[in-house]
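Let me begin by presenting the structure, written as C-alpha cells, before commenting on it.
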Amino acid sequence: MTSHVPNEARVIPLRPRAQRPEVAPAAPPAAAPERRRPAAREPLWRDLVGDVLRRERLAQERTLKEVAETARISMPYLSEVERGRKEASSEVLAAAAGALGLGLGDLLARAQGELVRLAARHAGPGRGRGSSGARYDGMCLAA
C-alpha cells in the first residue's frame, strides 16, 4: 500500500503571519491606549569599537586609506569595521589600533568606557547602576 505525497515543500513560517485587523469604528481620543516608547537597544560591541577607531582616526586627521595601508587591512574592510558592519578579529583590531598608535588594550578600554556611559543612559530612571544587579565596571570578551 503506497500513499501518494505531493511533491511540494512544506513551508513553516518563522514568524506568524500578521493578521489584518478588522476595521472598527474609531474610538474617542480619551479612550486611546497609552503609547509607550520602544525600549532602546543596547549598543553592539562592534559598533562601539568601530566608533572608537573612527573617532581616533579623525582626531589624527588621517584618511581611511592611510590607516588601512599602515595596518595592512583593505580599505573597504576597515570602513566596514568602523561602521560596525563587520565583527573584526582581535588581530585586525590590534593592527588597526596599532596603525593609530594605540594598543589593543587602549582600544578595548575606550570601547568599554563608551559602553558604560551608554548603558547608564539606557538604564532609565529607577534602574541606575547596581539596581538591576548587572555591573558594567569590567570588561569581558569571548570569541
Side-chain angles (χ1 to χ4, degrees), residues 3 5-143:
S3 65
V5 178
N7 192 11
E8 295 178 11
R10 182 172 168 215
V11 177
I12 302 171
L14 295 176
R15 295 187 182 126
R17 292 182 188 206
Q19 298 287 331
R20 285 196 127 159
E22 293 182 25
V23 177
E34 182 181 320
R35 295 189 113 178
R36 299 176 105 184
R37 289 179 31 188
R41 74 174 179 91
E42 288 191 82
L44 298 176
W45 184 250
R46 66 176 184 240
D47 292 328
L48 297 170
V49 171
D51 287 344
V52 170
L53 287 172
R54 176 167 282 172
R55 276 196 313 267
E56 184 62 29
R57 178 177 61 79
L58 294 175
Q60 294 180 14
E61 298 181 354
R62 295 178 64 191
T63 66
L64 193 62
K65 183 178 180 182
E66 290 171 340
V67 175
E69 286 175 354
T70 304
R72 301 182 53 94
I73 302 170
S74 76
M75 191 174 66
Y77 187 75
L78 182 56
S79 173
E80 296 275 303
V81 169
E82 281 190 355
R83 290 183 289 140
R85 305 277 178 139
K86 296 291 182 187
E87 192 81 50
S89 69
S90 58
E91 291 86 359
V92 169
L93 293 178
L100 293 167
L102 300 172
L104 180 59
D106 299 325
L107 171 65
L108 300 181
R110 289 182 185 189
Q112 187 261 344
E114 188 70 11
L115 177 61
V116 169
R117 188 181 68 75
L118 291 174
R121 185 169 55 172
H122 289 297
R127 291 187 56 194
R129 187 178 181 148
S131 66
S132 67
R135 295 185 64 210
Y136 294 101
D137 59 355
M139 180 174 15
C140 176
L141 297 178

Give, for atom [atom1] of [X] and atom [atom2] of [Y], the distance between the pair rounded to the nearest 0.5 Å.
| X | Y | atom1 | atom2 | result |
| --- | --- | --- | --- | --- |
| Leu64 | Ser74 | CG | OG | 9.0 Å |
| Leu100 | Glu66 | CG | CD | 10.5 Å |
| Thr70 | Leu78 | OG1 | CG | 10.5 Å |
| Leu102 | Leu93 | CG | CG | 11.5 Å |
| Ser79 | Lys65 | OG | NZ | 14.5 Å |

Any idea which heavy atoms bring [X] and [Y] closest together, and the distance?
| X | Y | result |
| --- | --- | --- |
| Val49 | Ala111 | CG2-CB, 3.9 Å |
| Leu53 | Ala97 | CD2-N, 4.2 Å |
| Pro43 | Leu115 | CG-CD1, 4.0 Å |

For atom CZ of Arg117, decide whether the heavy atoms of other residues, nucleotides or ligands shown that lie under 6.0 angstrom number more than 12.
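Atom CZ in Arg117 is packed in, count exceeds 12.
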
Any sub-3.5 Å donor-acceptor pair from Arg57's side-chain atoms to Glu82's backbone N or O?
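Answer holds: no.
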
Suppose we screen for salt bridge (Lys or Arg N to Asp or Glu O under 4.0 Å). Which residues come up paired with Arg83, at least two apart in sequence or across chains?
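By the salt bridge (Lys or Arg N to Asp or Glu O under 4.0 Å) rule, Arg83 matches Glu80.
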
Measure the shortest side-chain to side-chain distance between Leu118 and Leu48 over non-hydrogen atoms and say whether it is less than 4.5 angstrom.
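Heavy-atom side-chain distance check passes, below 4.5 Å.
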
Summary of salt bridge (Lys or Arg N to Asp or Glu O under 4.0 Å) pairs that have at least one residue in residues 85-99, sequence neighbours excluded:
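Matches after skipping sequence neighbours: Arg46-Glu87.
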
Residues that Glu56 engages under side chain to side chain donor-acceptor pair (under 3.5 Å), provided they are two or more places apart
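Result, side chain to side chain donor-acceptor pair (under 3.5 Å) vs Glu56: Gln60, Arg110.
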
